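These numbers were taken from a predicted model, which means no experiment stands behind them.
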Amino acid sequence: MGKKQKNDDSLRIYRERLKRHHDELRWLYMELYDNGDMFAELCDNLERFYLERGQALKDMDRERETAPGWYRRNDLLGMMFYIDNFAGNMKGVESRLDYIQRCQVNYIHLMPFLETPPGRSDGGYAVSDFRKVQDRLGSMEDLESLTAACHKKGICVCMDFVMNHTSEEHPWARKARQGDGEYMSRYFFFDSYDIPAQYERTVPQVFPTTAPGNFTYLADAGHYVMTSFYPYQWDLNYKNPRVFNEMMYNFLYLANRGIDILRIDAVPYIWKELRTQCRNLPQVHTIVRMMRMIAEIVCPGVLLLGEVVMEPEKVAPYFGTVEKPECHMLYNVTTMATTWHTVATRDTGLLKRQLAIVNTLPKDYVFLNYLRCHDDIGWGLDYETLKKEGINERSHKQYLNDFFQGVAGGSCSRGELYNADPVTGDARFCGTTASMCGIEKAGFEQDRDAMERAIQMDVMLHAYMFMLSGIPVLYSGDEIGQVNDYSYRTDPAKAGDSRYIHRGALNWDLTENIGVPDTIQGKLFGRLLGLEEIRKSEKAFMSCADCRIIESGDPAVLCIGRRLEGEKILGLFNFSESGRAVELRETGEYVDLLSGRTMTLNRVHIPAYGFFYLKYTNNA
């Protein structure tokens, strides 16, 4: 096929995609902005970005278009990490792809790596240039090299797209600060506190202790600017179509560097309206829907991952509908927090209730499940349900923070509080999975029995996470049981942010032990590998499987059943430090996929923090 013919075919494909979405995209755009000229500009640039997209990426788009559920497979396993902590820079990450494959990981989330001001970056979420990599991490050319190398190995690459705000050092913000009205209109600027005061009456604070309020006064500019997160992160005004268009161009620029999944940071905050909470407004869904269509027109192989920190039933609207989808995937944040609540209380009741709700959602909805991430754990639990059990919100949050600091409830956890508010008593918790499971304490005390229990608990929690519907994601270092890193306290740029306790650099010396069975690393890595092999080999782990909670009769024991095409697997998980015996109303014989032992479920003994993956052998 000649070059001209190939280009003609390529444009034909693009125009078919545009035609499929044009009318809805224009209707939504005009509903928000009523600006035909800006819409025409957007369409012109969509074609430009499509033409600039590399042929290898276009080929991948076509392949994924023919298999739209490709990301719902049961062999996808994610890992998130900061580039510098993992391997120094992007070239270092590229040199470590064999290790990533050895972890069975085929989806990596590169934590924020775009240009940010030193010391005022919020861990990379205060972006000053959406088209420049931080110098210490590499270049855009290095990013393209890394994504291409990942694609050759079947690894997807995810990055953060921070679209709610920019750094105060972004070129737009600098011009706005100088009084340029065109750029001031891209943010929320006010020359008096009258309107900000009205916003403050209804808008909750994100960080009431470290960054109180939602506005910052700029003495040099004589104006207030909206800053929902930190004073150096200025909220963008999406009522301005120039903001939407330019941010979509940044989105497509990054997609064309080979990014497979763009994590939309702080999705619910994107649209602001006076006399509302400025959260989850209908216009947010319009913007995300337009983003989805723009991706399907230019780069349909690219997925949208939404960061929506709410309970699953309230998160679900961000998936959109079957006819008008929005995000491809969402984080299962509340389940993560409720999992650790279950560890602290040894009571699976609240967790079962939430998982039952998740299980009723359409199978097209894909959640990302995780035990820990780069952020703190906020105790945003279902307190209405807990209240019915006599549990008070404030005292329970205090108990959870005391438990995971290791000073209550017979805990073996270690970690630190973040953003503690002495007035409200509220706080969030920071610590690695291993430290929260007791590996740090047992290692410090040289207690072998305690270490075995801690490792068992760590593995059980991962086994439980792998059983959930969706895509499991590891935080780098969890595969080797890496504990808290207290060195952040000596770094002036980090000392005020205890989240750095679980953001330590990966200890590559410890990875040398993953093949040594009698080491902590060998015990964890080997058992996690076994779980991953089971998950990707058994079709009942497919996201389209029927998933339900089965009553175990013991509050400390969670039982999850997965069924697909006549195959059934049960997961039994003991969240207690003591052995339990349960009787399940499940007839027939089962084989334990870990030991190969055949058993019935009339009475199952589960050791402390033990678990089973049980496959039904009497197939109908």
Side-chain angles (χ1 to χ4, degrees), residues 1-73 144 147-148 151 156-158 161 241 244-262 264 285-306 318-329 362 364-366:
M1 182 186 295
K3 184 175 181 180
K4 182 179 183 305
Q5 180 65 44
K6 195 166 187 177
N7 287 340
D8 288 346
D9 287 346
S10 182
L11 270 175
R12 177 183 55 78
I13 292 168
Y14 167 78
R15 286 167 182 160
E16 286 175 356
R17 293 173 183 156
L18 178 62
K19 182 179 179 181
R20 189 160 60 245
H21 293 296
H22 179 275
D23 290 350
E24 184 189 351
L25 181 60
R26 187 180 191 282
W27 189 86
L28 292 175
Y29 192 96
M30 296 302 287
E31 181 185 45
L32 274 189
Y33 300 121
D34 193 24
N35 192 320
D37 290 341
M38 289 297 290
F39 180 74
E41 181 208 279
L42 176 68
C43 290
D44 288 344
N45 277 286
L46 296 189
E47 182 168 324
R48 175 173 67 85
F49 279 103
Y50 175 78
L51 292 173
E52 293 174 358
R53 191 162 173 80
Q55 190 58 50
L57 297 178
K58 289 179 179 176
D59 291 343
M60 189 166 64
D61 289 336
R62 293 289 290 160
E63 182 181 336
R64 290 176 178 175
E65 270 188 307
T66 60
W70 65 270
Y71 57 95
R72 301 188 190 111
R73 306 189 316 254
E144 289 188 82
T147 58
H151 293 157
C156 299
V157 182
C158 173
F161 185 55
F244 177 81
N245 281 24
E246 294 294 337
M247 291 304 287
M248 290 307 96
Y249 305 154
N250 287 329
F251 163 64
L252 293 173
Y253 174 85
L254 294 166
N256 279 357
R257 307 283 76 76
I259 299 298
D260 302 278
I261 302 157
L262 279 111
I264 312 173
H285 293 280
T286 300
I287 287 174
V288 178
R289 173 63 186 149
M290 289 197 294
M291 287 183 71
R292 174 72 176 253
M293 286 189 285
I294 286 168
E296 290 184 358
I297 292 166
V298 179
C299 48
V302 173
L303 306 179
L304 300 180
L305 166 61
Y318 285 88
F319 285 113
T321 65
V322 174
E323 297 79 17
K324 297 181 179 181
E326 296 176 25
C327 291
H328 297 82
M329 305 184 295
D364 287 343
Y365 292 0
V366 177

- For Arg72, which residues count as a side-chain contact (heavy atoms from CB on, under 4.5 Å) partner, sequence neighbours excluded? Asp364, Val366, Ser543

- Would you name the heavy atoms of Ala295 and Val302 that are closest together and state the gap between them? CB-O, 4.5 Å

- Message: So, using side chain to side chain donor-acceptor pair (under 3.5 Å) as the criterion, who are the partners of Glu63 when residues are at least two apart?
- Response: none

- Message: To the nearest 0.5 Å, what is the distance between OG1 on Thr66 and CG on Asp61?
- Response: 11.0 Å

- Return the set of residues passing side-chain contact (heavy atoms from CB on, under 4.5 Å) with Leu57 (not counting sequence neighbours), or none when no residue passes. Arg53, Met60, His151

- Shortest non-hydrogen contact from Leu305 toward Ile261: CB-CG2, 3.8 Å

- Query: What salt bridge (charged side-chain N to carboxylate O under 4.0 Å, His left out) pairs are there with at least one residue in residues 285-305, not counting sequence neighbours?
  - Reply: Glu24-Arg289, Arg292-Glu296

- Any side-chain heavy-atom pair from Arg62 and Ile13 closer than 4.5 angstrom? yes

- Note on the structure: Between Asn256 and Glu144 the two heavy atoms that sit nearest each other are O-OE1, 4.2 Å

- CA sep, side-chain torsions, deciding dist, call: His285, Tyr318, side-chain contact (heavy atoms from CB on, under 4.5 Å): CA-CA 7 Å; His285 293 280; Tyr318 285 88; 3.8 Å; yes

- From Met248 atom CE to Met290 atom CE, the distance as rounded to the nearest 0.5 Å: 8.0 Å

- Item | Exercise: do Glu246 and Asn250 side chains pair donor with acceptor under 3.5 Å | no

- Query: So how far is it from Leu254 CG to Thr147 OG1, rounded to the nearest 0.5 Å?
  - Reply: 11.0 Å

Per-pair distances, 0.1 Å, donor-acceptor, side chain in residues 31-38, under 3.5 Å, sequence neighbours excluded:
| from | atom 1 | to | atom 2 | distance (Å) |
| --- | --- | --- | --- | --- |
| Tyr33 | OH | Tyr238 | O | 2.6 |
| Asn35 | OD1 | Asp37 | N | 3.3 |
| Asn35 | OD1 | Met38 | N | 3.0 |

- Item | Neighbour count >12 (heavy atoms, 6.0 Å) for atom CZ, Arg64 | yes

- Message: One pair to check against side-chain contact (heavy atoms from CB on, under 4.5 Å): Phe251 and Leu304. What are the steps and the verdict?
- Response: CA-CA 11 Å; Phe251 163 64; Leu304 300 180; 3.8 Å; yes

- To the nearest 0.5 Å, atom CG of Leu262 lies from atom CG of Leu252 at 9.5 Å

- Query: At what distance, to the nearest 0.5 angstrom, does OG1 of Thr286 lie from CH2 of Trp27?
  - Reply: 8.0 Å

- Query: Between Cys299 and Ala255, which heavy-atom pair has the shortest distance, and what is it?
  - Reply: SG-CB, 4.0 Å

- Query: Should the ring pair Phe244 and Tyr29 be called parallel, tilted or perpendicular, given that the plane angle runs from 0 to 90° and is split at 30 and 60?
  - Reply: perpendicular

- Taking all atoms of both residues into account, what is the closest heavy-atom pair of Trp70 and Cys156, and its distance? CZ3-SG, 3.7 Å

- Item | Sequence-distant partners of Tyr71, ring pair (Phe, Tyr, Trp, His ring centres under 6.0 Å), two or more places apart | His328

- Task: Using atom types as modelled and distance alone, determine if a side-chain donor or acceptor of Arg257 lies under 3.5 Å from a backbone N or O of Tyr253.
- Result: yes

- How would you list, by chain and number, every residue that makes a side chain to side chain donor-acceptor pair (under 3.5 Å) with Tyr50, sequence neighbours excluded? Ser10

- Identify, with sequence neighbours excluded, every residue that meets ring pair (Phe, Tyr, Trp, His ring centres under 6.0 Å) alongside His22. Phe39

- Note on the structure: Scanning both residues in full, the closest heavy-atom pair of Asn245 with Glu41 reads ND2-OE2, 3.3 Å

- Run the salt-bridge test on Lys19 and Glu16 with the 4.0 Å N-O cut-off and return the result as yes or no. no

- Message: For the CG atom of Leu46 and the CG atom of Leu25, what is their distance to the nearest 0.5 Å?
- Response: 7.0 Å

- Contacts of Arg15 that satisfy side-chain contact (heavy atoms from CB on, under 4.5 Å) - sequence neighbours left out: Leu11, Glu47

- Message: If the condition is side chain to side chain donor-acceptor pair (under 3.5 Å), which residues does Arg20 pass it with, not counting sequence neighbours?
- Response: none

- Query: For Arg48, what residues pass the side chain to side chain donor-acceptor pair (under 3.5 Å) criterion, not counting sequence neighbours?
  - Reply: Asn45, Glu52

